[in-house]
Amino acid sequence: MTHLSYGGMVGATIMLIASATPSLLPRDWYFQCLVAGGAAAIGYGVGTFLTWLARFMVSREQPWPRPQKFWWWALAFVALWDSALMIHWYMKWQNEIRDLMGIKHLDTHWRTVPIVLAVIVLVFLVLLVIGKLWGRGVVWLIRLLRSFIPARMATVAGGALALALTVLLVNGVLVDGIMRALNNTFAAANNETKADTVPPTSPLRSGGPQSTVSWDSLGREGRANVALGPTVAQLTEFNGAPAMQPIRVYAGLDSAPTIDAIADNAVRELERTGGLQRKIVAVGATTGSGWLNKSYIDSLEYMYNGDTALVSMQYSYLPSWISFLVDKERARQAGIQLFEKVSAKVRAIPEAQRPKLVVFGESLGSFAGEAPFGSIPTISARTDGALFTGPTFNNQLWADTTRNRDEGSPQVLPIFEDGSLVRFIADENDLNRPDAPWEENHRVAYIQHPSDPITWWNPTLLFREPEWLKEPRGRDVLPVMHWIPIVTFLQVSADMAVAVNVPDGHGHHYLRAIPFAWAKILKPEGWTEQKTLRLLPRLSTDA
């Protein structure tokens with residue numbers, strides 16, 4: 001025990017207990033172990049630092065006494081007792097979250113408790129060893145500096161220098177190495193092809209006959225986007241009228257060396273296929289890997305009986321959760337380049353003959369999709385409709401609109417300028433909220449779940465309580481969820497890893513509300529709510 005800080009262990013115990021509190025989504029025991037072990041390690045570091053700081057600030061000629069064994073035993077008793085309470089409350093809260101989302105309860109067999117505690121301790125010890133090694137490096141640096149400058153100056157300068165060197169090392173070596181490895185890994189995955197995905201035989205699809213981009217260049221998600229979707233027979237059967245074959249054009253990351261050139265390829269495909277002569281031209285902003293929520297596209301194709309054209313492009317190999325942290329500039333450029341080029345082609349058509357131009361995107365795709373616009377009125381003026389799901393904290397337009405929401409409306413479901421141009425919804429029932437006129441054309445909507453960690457994760461969670469935890473909780477968030485410095489950040493970060501592993505309507509799983517939103521935004525001729533309900537079983541988020 002002499003090698004451990006008593007103040008550090010107090011901090012670890014407090015953070016360990018706090019880690020059991022509920023967050024946005026259900027956490028299986030292995031994620032709880034990571035959160036609890038990480039929280040305990042951070043608590044140890046904070047407690048150790050505060051202990052050192054107190055001693056540093058108070059001058060003493062005699063060394064500070066170490067806590068007696070009694071205090072260690074008392075702390076051990078408290079830690080064990082609180083650990084038992086932590087597991088009890090963890091299971092209770094997790095099952096309450098599962099009830100909100102219609103998920104099976106946790107397996108509450110107590111035989112798993114020793115395993116959970118062992119893994120938590122293991123995670124804590126691994127992080128503790130890393131922290132102690134870093135601390136020894138700091139001490140060595142301080143001792144070196146004391147040879148040249150006074151002791152207290154050396155302590156402050158050594159700590160600051162060690163922190164700066166660590167940041168430089170992590171950013172310049174570790175992160176670069178990890179990103180190279182991830183990029184290589186996902187580049188290999190991009191060359192794979194999903195099951196039941198074969199090259200199209202229609203010239204109305206990229207990668208098919210007469211296409212200016214090759215099938216191989218489309219990437220894994222691009223091949224799925226153009227090869228699948230409702231057939232002419234399915235559309236005809238559903239609508240009871242002869243359907244057209246929907247146009248789907250796409251340009252992959254391997255089709256050109258720059259974002260600008262990739263966008264040019266996509267627009268060239270749109271012109272080649274006659275997409276500008278369809279009723280709807282839909283600009284789909286993808287996630288990094290090129291993924292699109294298929295329910296967006298399929299809904300439009302059913303609503304317009306195939307008289308549609310999708311145009312989209314890929315700008316990264318990385319999946320959304322990595323791209324939105326490290327690749328957002330490429331996403332922004334892709335969103336701007338693709339929309340501006342498509343918009344220019346549409347505007348060149350006489351107004352009476354122009355197709356409707358709409359834009360959509362999910363997650364990082366919503367960031368890319370709103371990038372060409374500076375405000376909600378600009379989206380409304382330049383499109384015939386826009387629909388975004390699961391926006392991220394990087395979405396500047398979304399953030400600005402939410403920040404400037406009407407007084408009294410909550411952050412999780414804001415109202416902006418009395419809903420005249422844009423509606424924020426959690427499900428289709430919110431489309432009529434508020435009970436006020438909604439611009440007849442050029443409507444904009446955001447779908448965001450109160451329990452979506454992709455939307456509510458933000459680095460500021462570390463040390464600042466968000467508005468959505470000061471207000472009454474959203475419909476699928478437990479009232480007992482409260483903000484705890486550092487801990488809530490860790491919890492929501494862990495939630496991001498399982499954001500789509502929940503039923504539709506929760507977390508980052510968006511499907512049911514999408515066709516309702518499209519119908520309300522575009523008001524397709526002859527379309528009814530009964531048709532939307534019949535359409536739902538035919539939709540899925542992935543190919």
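Here, residue 1 is the first one in the sequence, and each next residue gets the next number.
Between the CD atom in Q314 and the OG1 atom in T286 there is a gap of 7.0 Å [rounded to 0.5 Å]. Separation of atoms CD1 (I259) and CD (E329) is listed at 10.0 Å; rounding is to 0.5 Å. Taking OG1 from T532 and CD1 from I514, the interatomic distance works out to 12.5 Å, rounded to the nearest 0.5 Å. Rounded to the nearest 0.5 angstrom, L357 CG and S343 OG are separated by 6.0 Å. For the atom pair CD1 (I425) and CD (Q448), the distance works out to 9.5 Å, reported to the nearest 0.5 Å. Atom CZ of F360 is separated from atom CD1 of I521 by 12.0 Å, given to the nearest 0.5 angstrom.
A heavy-atom distance below 4.5 Å is found between the side chains of L421 and P377. Counting heavy atoms from C-beta on, the side chains of N432 and K520 come closer than 4.5 Å. L539 has its side chain out of reach of K294: every pair of non-hydrogen atoms, C-beta onward, lies at least 4.5 Å apart. A heavy-atom distance below 4.5 Å is found between the side chains of Q411 and T402. Within the 4.5 Å cutoff, side-chain heavy atoms of L24 are placed close to those of M481. In this structure the side chain of E221 never reaches within 4.5 angstrom of the side chain of T287, judged on heavy atoms. A 4.5 Å side-chain heavy-atom check between V311 and V283 finds at least one atom pair inside the cut-off. Looking only at side-chain heavy atoms (C-beta outward), Q245 and R205 come within less than 4.5 Å of each other.
Defined by atom type and a distance below 3.5 Å, a donor-acceptor pair is present between the side-chain atoms of N458 and T460. Side-chain atoms of Q530 and R534 include no donor-acceptor pair closer than 3.5 Å. For the residue pair N225 and S312, no side-chain donor N or O sits within less than 3.5 Å of a side-chain acceptor on the partner. In this structure, a donor-acceptor pair under 3.5 Å is present between the side chains of D99 and H105. For the residue pair H509 and D504, no side-chain donor N or O sits within less than 3.5 Å of a side-chain acceptor on the partner. Side-chain N/O atoms of Q491 and T21 include a donor and acceptor closer than 3.5 Å.
D298 has a carboxylate O that lies under 4.0 Å from a charged side-chain N of R248, or vice versa, which qualifies the two as a salt bridge. The residues D28 and K104 are annotated as not salt-bridged, no charged nitrogen and carboxylate oxygen being separated by less than 4.0 angstrom. Checked for salt-bridge contact, R382 and E340 meet the test: a charged N lies under 4.0 Å from a carboxylate O.
The number of heavy-atom neighbours closer than 6.0 Å to NZ of K341, taken from other residues, nucleotides and ligands shown, is above 12. For N429, the CG atom counts as densely surrounded, since its 6.0 Å shell holds more than 12 non-hydrogen atoms of other residues, nucleotides or ligands. Counting heavy atoms of neighbouring residues, nucleotides and ligands inside a 6.0 Å radius, atom CD of E529 does not exceed 12 of them. Few gaps surround NZ on K531; more than 12 heavy atoms of other groups in view lie less than 6.0 Å from it. The 12-atom threshold is not exceeded at CZ of R464, counting heavy atoms of other residues, nucleotides or ligands nearer than 6.0 Å.
For E440, the side-chain contact (heavy atoms from CB on, under 4.5 Å) partners at least two apart in sequence or on another chain are R443, K523. P355 meets the side-chain contact (heavy atoms from CB on, under 4.5 Å) test with V281, V346, I349; sequence neighbours excluded.
Between G365 and A285, the closest heavy-atom pair is O-CB, 3.1 Å. The shortest heavy-atom contact between L25 and V498 is CD1-O, 3.9 Å. Scanning both residues, A266 and L338, for their nearest heavy atoms gives CB-CD1, 3.9 Å. Closest non-hydrogen pair, P200 versus S206, comes out as CG-O, 3.7 Å. When all heavy atoms are compared, the tightest approach of S451 to D476 is OG-OD2, 2.5 Å. Contact record, R347 with R354: O-NH2, 3.1 Å, taken as the closest heavy-atom pair.
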Applying ring pair (Phe, Tyr, Trp, His ring centres under 6.0 Å) to F489 and W457, what does each step give before you reach the verdict?
CA-CA 7 Å; F489 173 83; W457 185 91; 5.6 Å; yes

Step by step, would you call I376 with L397 a side chain to side chain contact (heavy atoms under 4.5 Å, CB included)?
CA-CA 8 Å; I376 295 296; L397 193 156; 3.3 Å; yes

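Remark: of the listed residues F416, F367, F424, F424 is the sole one forming a ring pair (Phe, Tyr, Trp, His ring centres under 6.0 Å) with Y446.
Between Y510 and H449, the ring planes are parallel. Angles under 30° get that label, and only those over 60° would be called perpendicular. The aromatic rings of F373 and F339 sit perpendicular, their planes meeting at an angle over 60°, well past the 30° parallel limit. Ring pair F238/Y302 is perpendicular by interplanar angle, where above 60° counts as perpendicular and below 30° as parallel.
A side-chain donor-acceptor contact under 3.5 Å links Y250 to the backbone of G290.
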